[in-house]
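Source: prediction; values computed, not measured.
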Amino acid sequence: MKDERILALDPATKISLVLADCTTAAGALARGHLSGPTASHYLAQALAAAALLGAETSQPRECVTLRLDAPGPLGGFLVECTAEGTLRGYTKTKVLNDFDGLGTPKDAAVLGETGTFEVIRSIPGSILSSGVVATAWKKHALATGLDAYFDQSLQRRVRTAVAAAAGDDGVPAYARGLLAECAPDGDAAAFAQVAEVFASGAAAQALATGAAAPRTLLKKLGLPHAELRRTTPLAFACRCSAERAAAMLAAIPPAERAALPPTLDITCHMCGRTWTIPTQQ
């Protein structure tokens with residue numbers, strides 16, 4: 001599956017689904033940040049979660065931001081998905097030597113067992129909505145946080161799963177997410193069966209294997225007749241530029257700028273790209 005987000009709907013049960021794959025975008029971003037395997041694992045999960053949330057955007061230039069603050073060694077992350085399907089973000093720690101090379105990381109060890117998730121929808125100059133949830137987990141931290149956000153902040157019946165893995169070189173092998181939602185007047189019994197697929201871990205397992213194809217997933221969820229409604233390309237992209245970096249330097253008072261070296265390297269914390277900017281104009 002290429003980097004894209006697919007929206008589907010089962011008219012009979014009024015259960016909608018979002019499937020996102022952002023493996024290539026996660027790889028580009030992990031390389032830009034020089035992330036180690038553990039950080040890349042969580043960056044890929046976070047991007048997949050943001051891609052799911054991006055299906056909520058409805059206005060041009062709208063952006064949804066997902067932030068996690070956690071007490072564990074990773075510290076958390078901040079990721080974004082725009083209405084155009086572009087993704088970027090970072091983990092607070094880029095390399096965790098105590099965990100890298102030891103297999104699939106454990107959420108409780110790397111993130112801690114509790115954390116605060118924040119979801120913000122915005123357009124330039126204005127916040128459209130925001131929600132904050134504090135939650136606890138033993139595993140599946142991202143899905144736990146997303147489910148809590150939809151339940152507590154939006155009062156919506158939603159179940160989510162995210163799956164990611166990174167090789168020893170720090171490059172994600174896959175980054176995928178799945179979301180199922182039952183409309184207020186939807187089939188509660190059918191959704192209970194769908195929710196069980198998520199609760200058992202089968203949905204996340206399917207995302208991690210060849211069963212991630214849309215029709216295969218729909219069949220596993222018991223919704224083989226769901227209609228594929230819309231596909232949105234996903235891609236890594238950042239809004240940083242040499243011009244923006246130069247504008248930051250231009251804001252420094254001239255007297256202070258005079259004391260700077262001839263050039264400065266300015267690194268974008270959202271994508272890891274470094275711009276070399278002259279300090280004297």
Verify the cluster assignment for [X] and [Y]: are they in a single hydrophobic cluster under the rule of side-chain heavy atoms below 4.5 Å apart?
X: Tyr149; Y: Val158; value: yes
X: Leu179; Y: Phe191; value: no
X: Leu43; Y: Leu146; value: yes
X: Leu154; Y: Val18; value: yes

Ignoring hydrogens and angles, tell me if any N or O in the side chain of [X] forms a donor-acceptor pair with the backbone of [Y] under 3.5 Å.
X: Thr57; Y: Gly54; value: yes
X: Trp137; Y: Leu142; value: no
X: Thr274; Y: Thr267; value: no
X: Ser122; Y: Ile127; value: no
X: Asp10; Y: Glu227; value: no
X: Arg215; Y: Pro224; value: yes
X: Ser153; Y: Phe150; value: no
X: Ser200; Y: Ala202; value: yes
X: Asp3; Y: Thr24; value: yes
X: His225; Y: Pro11; value: no

Does this structure show an ion pair linking [X] with [Y], if we count only N-O contacts that are shorter than 4.0 Å?
X: Lys2; Y: Asp21; answer: no
X: Glu113; Y: Lys138; answer: yes
X: Arg156; Y: Glu56; answer: yes

Could you go through the side-chain hydrogen bond (donor to acceptor under 3.5 Å, both in side chains) check for Asp107 and Tyr42 one step at a time?
CA-CA 9 Å; Asp107 291 355; Tyr42 286 100; 2.7 Å; yes
Would the number of heavy atoms belonging to other residues, nucleotides or ligands and lying under 6.0 Å from CZ of Arg229 be above 12?
yes
For Lys94, is the NZ atom crowded, meaning more than 12 foreign heavy atoms sit under 6.0 Å from it?
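More than 12 within 6.0 Å, yes.
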First locate atom [atom1] of [X], then atom [atom2] of [Y], and finally report the distance between them rounded to the nearest 0.5 Å.
X: Phe77; Y: Leu66; atom1: CZ; atom2: CG; result: 4.5 Å
X: Arg239; Y: Cys271; atom1: CZ; atom2: SG; result: 10.5 Å
X: Asp265; Y: Thr276; atom1: CG; atom2: OG1; result: 4.0 Å
X: Leu207; Y: Leu217; atom1: CG; atom2: CG; result: 5.5 Å
X: Arg88; Y: Thr86; atom1: CZ; atom2: OG1; result: 8.0 Å
X: Leu52; Y: Arg5; atom1: CG; atom2: CZ; result: 8.5 Å

Can you give me the closest heavy-atom contact between [X] and [Y], atom names plus distance?
X: Pro71; Y: Thr114; answer: CD-O, 3.0 Å
X: Ala190; Y: Thr13; answer: CB-CG2, 3.7 Å
X: Arg273; Y: Trp275; answer: CZ-CH2, 3.2 Å
X: Val79; Y: Ala50; answer: CG2-CB, 3.8 Å
X: Cys238; Y: Cys268; answer: SG-SG, 3.6 Å
X: Pro73; Y: Phe99; answer: CG-CE1, 3.8 Å

Please assess Thr116 against Leu68 for the test side chain to side chain contact (heavy atoms under 4.5 Å, CB included), listing each intermediate value before the final yes or no.
CA-CA 6 Å; Thr116 301; Leu68 169 64; 5.8 Å; no
Could you check Leu17, Ile15, Thr216 and say which one makes a side chain to side chain contact (heavy atoms under 4.5 Å, CB included) with Leu221?
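Exactly one pass, corresponding to Leu17.
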Can you name the one residue among Thr135, Thr160, Val133 that meets side chain to side chain contact (heavy atoms under 4.5 Å, CB included) with Asp147?
Thr160
side-chain hydrogen bond (donor to acceptor under 3.5 Å, both in side chains) between Asp100 and Thr38: does it pass, once the steps are laid out?
CA-CA 6 Å; Asp100 290 341; Thr38 303; 2.7 Å; yes
Side chain to side chain contact (heavy atoms under 4.5 Å, CB included) for Glu84 and Thr232? Distances and angles first, verdict last.
CA-CA 8 Å; Glu84 293 76 25; Thr232 302; over 6 Å; no
